[in-house]
Visitor: 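Got a structure for you, questions after.
Residue numbers count from 1 along this sequence.
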Amino acid sequence: PLFRSERMRYFAVDSSGNSSSQQDGAFRTNCIDCLDRTNVVQGLLAKSCLQQQLEEFGILSPGESLEDHQDFSFILRNTWADNGDTVALQYTGTPALKSDYTRTGKRSIAGALQDGYKSSVRYLFNNFRDGFRQDSIDLFLGNYVVDSQEGKRSPLNKRQSWQLAVMPATFLFVLSMLIISLIIPTTEWIWQLIYILFWGGLVFVTIRIALAYGYDLVDAPRLAPEGKSKTL
């Protein structure tokens, strides 16, 4: 393991306050689009480092593993998973993905289903709730600089017609009716076909409207929509 190389150590001090070990390197672990996979990898690195530390301090004997202490391993895994959930909530609005692996060391069907649900929620948040979150980050990082001459009108003001405001609810309603028409039979097949065509047509129309007015429907960033520094 990399932590057992002389080039990769950790910082420690003894009881008298003197340094007994110096950290000579650091791991930079990141995925291009997913902080959840980053958390999984960093959890493995933290476990490896802790194993080395406990062995060198004499708490674990040679050949003894953290996995031999189930209660401690349970606390370690869940503490790391809780940390990942907290960070993910700040950035995405949902707990972390793959937390079942971080907590138990293996993937499960229930965990995969939970990830599917969280991904769906993230998609909705990303499109309909995250604009203000991104504006806050842009303002904090200086991607948007407030100009004292820009006037009293806030660039965050967004005017949306009521027709577009009810579009998401309308789409969910017509999609639900289409699904009901598909799975619940009627006494005559011709009527079921008419229902399917009718609600299917409305689903198609609402999708076309959403594509045509997509930018007005979503909660897009207002201050620096292209992610560049901007001064008004």
Visitor: Output, in order, the C-alpha distance, side-chain angles, deciding distance and verdict of side-chain contact (heavy atoms from CB on, under 4.5 Å) for Ser21 and Phe11.
Guide: CA-CA 5 Å; Ser21 177; Phe11 176 77; over 6 Å; no
Visitor: Looking at Thr92 and Phe125, what are the two nearest heavy atoms and their distance?
Guide: O-CD2, 3.6 Å
Visitor: Linking I/L/V/M/F/W/Y whenever any side-chain heavy atoms sit under 4.5 Å apart, do Phe198 and Ile180 land together?
Guide: yes
Visitor: Is there a donor in the side chain of Glu188 and an acceptor in the side chain of Gln192, or the other way round, less than 3.5 Å apart?
Guide: no
Visitor: Of all the heavy-atom pairs spanning Gly84 and Ala96, show the shortest one and how long it is.
Guide: O-CB, 3.7 Å
Visitor: Does Pro221 offer a backbone N or O that forms a donor-acceptor pair with the side chain of Asp135 under 3.5 Å?
Guide: no
Visitor: Which residues end up grouped with Ile59 if you chain together Ile, Leu, Val, Met, Phe, Trp and Tyr wherever their side-chain heavy atoms are less than 4.5 Å apart?
Guide: Tyr10, Leu50, Leu54, Phe57, Leu60, Leu66, Phe72, Leu76
Visitor: Working to the nearest 0.5 Å, report the span between CZ of Arg77 and OG of Ser99.
Guide: 13.0 Å
Visitor: Please say yes or no: joined through hydrophobic side-chain contacts below 4.5 Å, possibly via intermediate residues, are Leu197 and Leu202 part of one cluster?
Guide: yes
Visitor: Quick one: pull up CG in Asn126 and CG in Leu124 and give me the separation to the nearest 0.5 Å.
Guide: 9.5 Å
Visitor: Would Thr79 and Asn83 satisfy side-chain contact (heavy atoms from CB on, under 4.5 Å), going step by step from the backbone distance to the final call?
Guide: CA-CA 6 Å; Thr79 299; Asn83 171 73; 5.9 Å; no
Visitor: Under the 3.5 angstrom rule, does the side chain of Asn78 hit a backbone N or O of Ile75 as a donor-acceptor pair?
Guide: no
Visitor: On a heavy-atom basis, which atom in Asp115 and which in Leu97 lie closest, and how many Å separate them?
Guide: OD1-CA, 3.5 Å
Visitor: Enter the distance from Tyr195:OH to Ile184:CD1 here, rounded to the nearest 0.5 Å.
Guide: 11.5 Å
Visitor: Verify the cluster assignment for Leu175 and Leu182: are they in a single hydrophobic cluster under the rule of side-chain heavy atoms below 4.5 Å apart?
Guide: yes
Visitor: Do Asp100 side-chain atoms and Arg107 backbone N/O form a donor-acceptor pair below 3.5 Å?
Guide: no
Visitor: Is the distance between the ring centroids of Phe173 and Trp199 under 6.0 Å?
Guide: yes
Visitor: Less than 4.5 Å apart, side chain to side chain, heavy atoms only: is that true for Pro95 and Leu89?
Guide: yes
Visitor: Short question: side chain of Asn127, backbone of Tyr123 - any donor-acceptor pair under 3.5 Å?
Guide: yes
Visitor: Find the distance between CG (Leu45) and SG (Cys49) and round it off to the nearest 0.5 Å.
Guide: 9.0 Å
Visitor: Can you confirm whether more than 12 heavy atoms, excluding those of Arg129, are under 6.0 Å from its CZ atom?
Guide: no
Visitor: Take atom CG of Leu141 as the centre, draw a 6.0 Å sphere, and report whether it contains more than 12 heavy atoms from other residues, nucleotides or ligands.
Guide: yes
Visitor: In terms of heavy-atom contacts, does CG of Asn18 have more than 12 from other residues, nucleotides or ligands at under 6.0 Å?
Guide: yes
Visitor: Spell out, yes or no, whether Tyr213 and Val205 are grouped together once hydrophobic residues are joined by side-chain heavy atoms under 4.5 Å, including indirect joins.
Guide: yes
Visitor: Is it true that Ile196 and Val174 fall in one hydrophobic cluster, defined by side-chain heavy atoms closer than 4.5 Å?
Guide: yes
Visitor: Is there a donor-acceptor pair closer than 3.5 Å between any side-chain N or O of Gln70 and the backbone N or O of Glu67?
Guide: yes
Visitor: Find the distance between CH2 (Trp80) and OG1 (Thr102) and round it off to the nearest 0.5 Å.
Guide: 10.0 Å
Visitor: Is it the case that over 12 heavy atoms from other parts of the model lie below 6.0 angstrom from the CZ atom of Phe128?
Guide: yes
Visitor: Does a salt bridge link Asp138 with Arg133, judged by any charged N lying under 4.0 Å from a carboxylate O?
Guide: no
Visitor: Looking only at heavy atoms, which two atoms of Ser16 and Asp14 are closest? And how far apart?
Guide: OG-OD1, 2.8 Å
Visitor: Tell me if a side-chain donor or acceptor on Asp24 pairs with a main-chain N or O of Arg9 at a distance below 3.5 Å.
Guide: no
Visitor: Do Ser61 and Glu64 pass the side-chain hydrogen bond (donor to acceptor under 3.5 Å, both in side chains) test, and can you show the C-alpha distance, the side-chain angles, and the key distance before you say yes or no?
Guide: CA-CA 5 Å; Ser61 58; Glu64 191 176 7; 3.0 Å; yes
Visitor: Hey, is the main chain of Tyr101 close enough, under 3.5 Å, to the side chain of Lys106 for a donor-acceptor pair?
Guide: no
Visitor: Would Arg122 and Asp130 count as a salt bridge (Lys or Arg N to Asp or Glu O under 4.0 Å) here? Give the steps.
Guide: CA-CA 9 Å; Arg122 288 184 179 187; Asp130 274 359; over 6 Å; no
Visitor: Provide the closest heavy-atom pair for Leu223 versus Tyr144 in the form atom of the first, atom of the second, distance.
Guide: O-CD1, 3.5 Å
Visitor: First locate atom CG of Leu44, then atom CZ of Phe27, and finally report the distance between them rounded to the nearest 0.5 Å.
Guide: 11.5 Å
